Visitor: 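My questions all concern the structure below.
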Amino acid sequence: MTQPLIALLLSSVLAAAALGGPRLLRRAAPALATIPRFAAIALSLTAVLWIAALVALGPVVAWMSSGPDWLPQQVADVCDRCLSAASPFGESAVTIGVPAIVPLALPSLGVVAVLIGLAREFAALRRSQSQLSLTVRSASERVRLHGNTARITQDTALLAFSLPHRHGGIVLSRGTVASLSEAELAAVLAHEQAHLDERHHLIVAILNGATRYLRWIPLIREVRSAVPHYLEIAADRAAKQAAGTDALAGALLKLGQPGIPESAGKLPAHAVLHAAGSERIRHLVGAPRPPASTALAAAAGMYAFMLAAVIAAVHLPFVLALLAGCL
């Protein structure tokens, strides 16, 4: 009964995280905000690990299957030997009338879905960022401000955002330059430069692409929402070190909510990263951290390690069996 119990336990753990994970992450947010870049990367990896653990159900079910009956007998015998060699639990006392090739296809389908999601995400970003880049380049000038290269548009609205380097980098409006003090302007520039230096656009693109077809799952949806926020906090830290808390807080208050040039049209989520966001000021002034927040953040980390262990326990035996020449 080991294999059915493993399948049931894995399914239960995945379902519990999918439904309860968002609440845990929200309650752990104060602690995670103290390590924002690590939190963003760790949460992104957790989302990918959750998907990998989900498709790991395929091999577990295959160990209980009645055999790959859809295949020629000789090939079926080889598959049976590989399944037996790959199972770390020995023979199952329970079998199900499903050809092993069906559940074994689940990991392959998962990989294909992730790759297609990444391809579509990067294609959409490339199109939208290229179009915005053309709009910005046609109506802006390239200048050096406080040691950073930026493009200044003619917009009077307060705009401050960054595109990947190849699409223009830091973009500010005339309205922003005129409204901010020198210290506040230096803080905004340091914030956007941190996005570029730490490859935040790439982190968000990989996360959104890899989870594209499972974004309806509550845990995945929460991670996709939280990661850009933590990356903004990470960029705020760089700006705080460069220009000070007062300058950055003043800039955030003046910039208000994020915006882009009106002529840019509709963009995919997080195609650009913004300095604006007055709601982040509380992180700058050291908002109190609930005692339970650290424990919950640690619990989230332990869950990610557990997922990694499950994935290794399921997939590694298959790899070892293949390397041992079961074919």
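All of these numbers come straight from a predicted model, not from anything done at the bench.
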Visitor: Would you list the pairs meeting salt bridge (charged side-chain N to carboxylate O under 4.0 Å, His left out) in which at least one residue belongs to residues 35-46, sequence neighbours left out?
Guide: Arg37-Glu198

Visitor: Taking all heavy atoms of Ala33 and all of Ile233, pick out the closest pair and write down the distance.
Guide: O-CG2, 3.8 Å

Visitor: What pairs with Arg224 under salt bridge (Lys or Arg N to Asp or Glu O under 4.0 Å), at least two apart in sequence or on another chain?
Guide: none

Visitor: With the 4.5 Å side-chain cut-off for hydrophobic clustering, are Ile116 and Leu214 part of the same group?
Guide: no

Visitor: Evaluate the side-chain proximity of His195 to Glu232: yes if any heavy-atom separation is below 4.5 Å, no if none is.
Guide: yes

Visitor: Quick check: closest heavy atoms across Ala183 and Ala243, and the distance to 0.1 Å?
Guide: O-CB, 3.7 Å

Visitor: Mind checking whether Leu24 and Phe38 sit in one hydrophobic cluster, side chains of I, L, V, M, F, W, Y counted as touching below 4.5 Å?
Guide: no

Visitor: How about CZ on Arg26, more than 12 heavy atoms from neighbouring residues, nucleotides or ligands closer than 6.0 Å, or not?
Guide: yes

Visitor: Which atom names give the shortest non-hydrogen contact between Leu158 and Lys254, and what distance separates them?
Guide: CD2-O, 3.2 Å

Visitor: Check whether any side-chain heavy atom of Thr153 lies under 4.5 Å from a side-chain heavy atom of Leu172, and answer yes or no.
Guide: no

Visitor: Do Thr176 and Phe161 come close enough that some side-chain heavy atom pair is under 4.5 Å?
Guide: no

Visitor: Applying side-chain hydrogen bond (donor to acceptor under 3.5 Å, both in side chains), name anything that partners Arg120, two or more places apart in sequence or on another chain.
Guide: Tyr213

Visitor: Just how far is it from atom CG of Asp236 to atom CD of Gln241, taken to the nearest 0.5 Å?
Guide: 11.5 Å

Visitor: Checking Ala47 now: which residues fulfil side-chain contact (heavy atoms from CB on, under 4.5 Å) with it, not counting sequence neighbours?
Guide: Leu207, Thr211, Ile220, Val223

Visitor: Do Arg142 and Thr149 have side chains that approach each other closer than 4.5 Å (heavy atoms only, starting at C-beta)?
Guide: yes

Visitor: Knowing that exactly one of Ser133, Ser173, Ser140 qualifies, which makes a side chain to side chain contact (heavy atoms under 4.5 Å, CB included) with Arg151?
Guide: Ser140

Visitor: Indicate, with yes or no, if Trp216 and Leu219 share a hydrophobic cluster defined by side-chain heavy-atom contacts under 4.5 Å among Ile, Leu, Val, Met, Phe, Trp and Tyr.
Guide: yes

Visitor: Not counting sequence neighbours, list each pair that qualifies as a salt bridge (charged side-chain N to carboxylate O under 4.0 Å, His left out) and has a residue in residues 43-53.
Guide: none

Visitor: Could you pull out all residues at least two apart from Arg23 that satisfy salt bridge (Lys or Arg N to Asp or Glu O under 4.0 Å)?
Guide: none

Visitor: Between the side chains of Glu182 and His146, is a donor N or O closer than 3.5 angstrom to an acceptor N or O?
Guide: yes

Visitor: Might you work through the side-chain contact (heavy atoms from CB on, under 4.5 Å) test for Leu109 and Val55, ending with a clear yes or no?
Guide: CA-CA 8 Å; Leu109 291 175; Val55 301; over 6 Å; no

Visitor: Does a side-chain heavy-atom distance below 4.5 Å link His167 with Ser130?
Guide: yes

Visitor: Looking at Pro218 and Leu19, what are the two nearest heavy atoms and their distance?
Guide: CG-CD2, 4.2 Å

Visitor: Distance alone, cut at 3.5 Å: any donor-acceptor contact between the side chains of His201 and Gln129?
Guide: no

Visitor: Considering only heavy atoms from C-beta outward, does the side chain of Leu255 approach that of Val188 to under 4.5 Å?
Guide: yes

Visitor: Kindly say whether Glu222 contributes a backbone atom to a donor-acceptor pair with the side chain of Ser225 at under 3.5 angstrom?
Guide: no

Visitor: Is there a side-chain contact (heavy atoms from CB on, under 4.5 Å) between Arg221 and Arg215 once you walk through the steps?
Guide: CA-CA 5 Å; Arg221 185 168 60 241; Arg215 60 186 183 275; 5.8 Å; no

Visitor: Do you know which two heavy atoms are closest between Leu118 and Ala210, and how far apart they sit?
Guide: CD2-N, 3.6 Å

Visitor: Mind listing the closest non-hydrogen atom pair of Ala194 and Ala238 along with its distance?
Guide: CB-CB, 3.6 Å

Visitor: From Ile51 CD1 over to Leu54 CG, what is the distance, rounded to the nearest 0.5 angstrom?
Guide: 8.0 Å

Visitor: Determine yes or no for a side-chain-to-main-chain donor-acceptor pair under 3.5 angstrom, with Arg237 supplying the side chain and Thr34 the backbone.
Guide: yes

Visitor: Side-chain contact, heavy-atom cut-off 4.5 Å: Ile152 with Val177?
Guide: yes

Visitor: Counting C-beta onward and ignoring hydrogens, is there a side-chain heavy-atom pair between Pro164 and Leu196 closer than 4.5 Å?
Guide: no

Visitor: Between Val48 and Leu43, is there a shared hydrophobic cluster once you connect ILVMFWY residues whose side-chain heavy atoms come closer than 4.5 Å?
Guide: no

Visitor: Give a yes or no on whether Leu202 and Val114 share a hydrophobic cluster (residues Ile, Leu, Val, Met, Phe, Trp, Tyr; joining criterion: side-chain heavy atoms under 4.5 Å apart).
Guide: yes

Visitor: Can you confirm whether more than 12 heavy atoms, excluding those of Asp197, are under 6.0 Å from its CG atom?
Guide: yes

Visitor: Check the pair Thr46, Trp50 against side-chain contact (heavy atoms from CB on, under 4.5 Å), reporting the backbone distance first and the verdict last.
Guide: CA-CA 6 Å; Thr46 298; Trp50 189 94; 5.5 Å; no

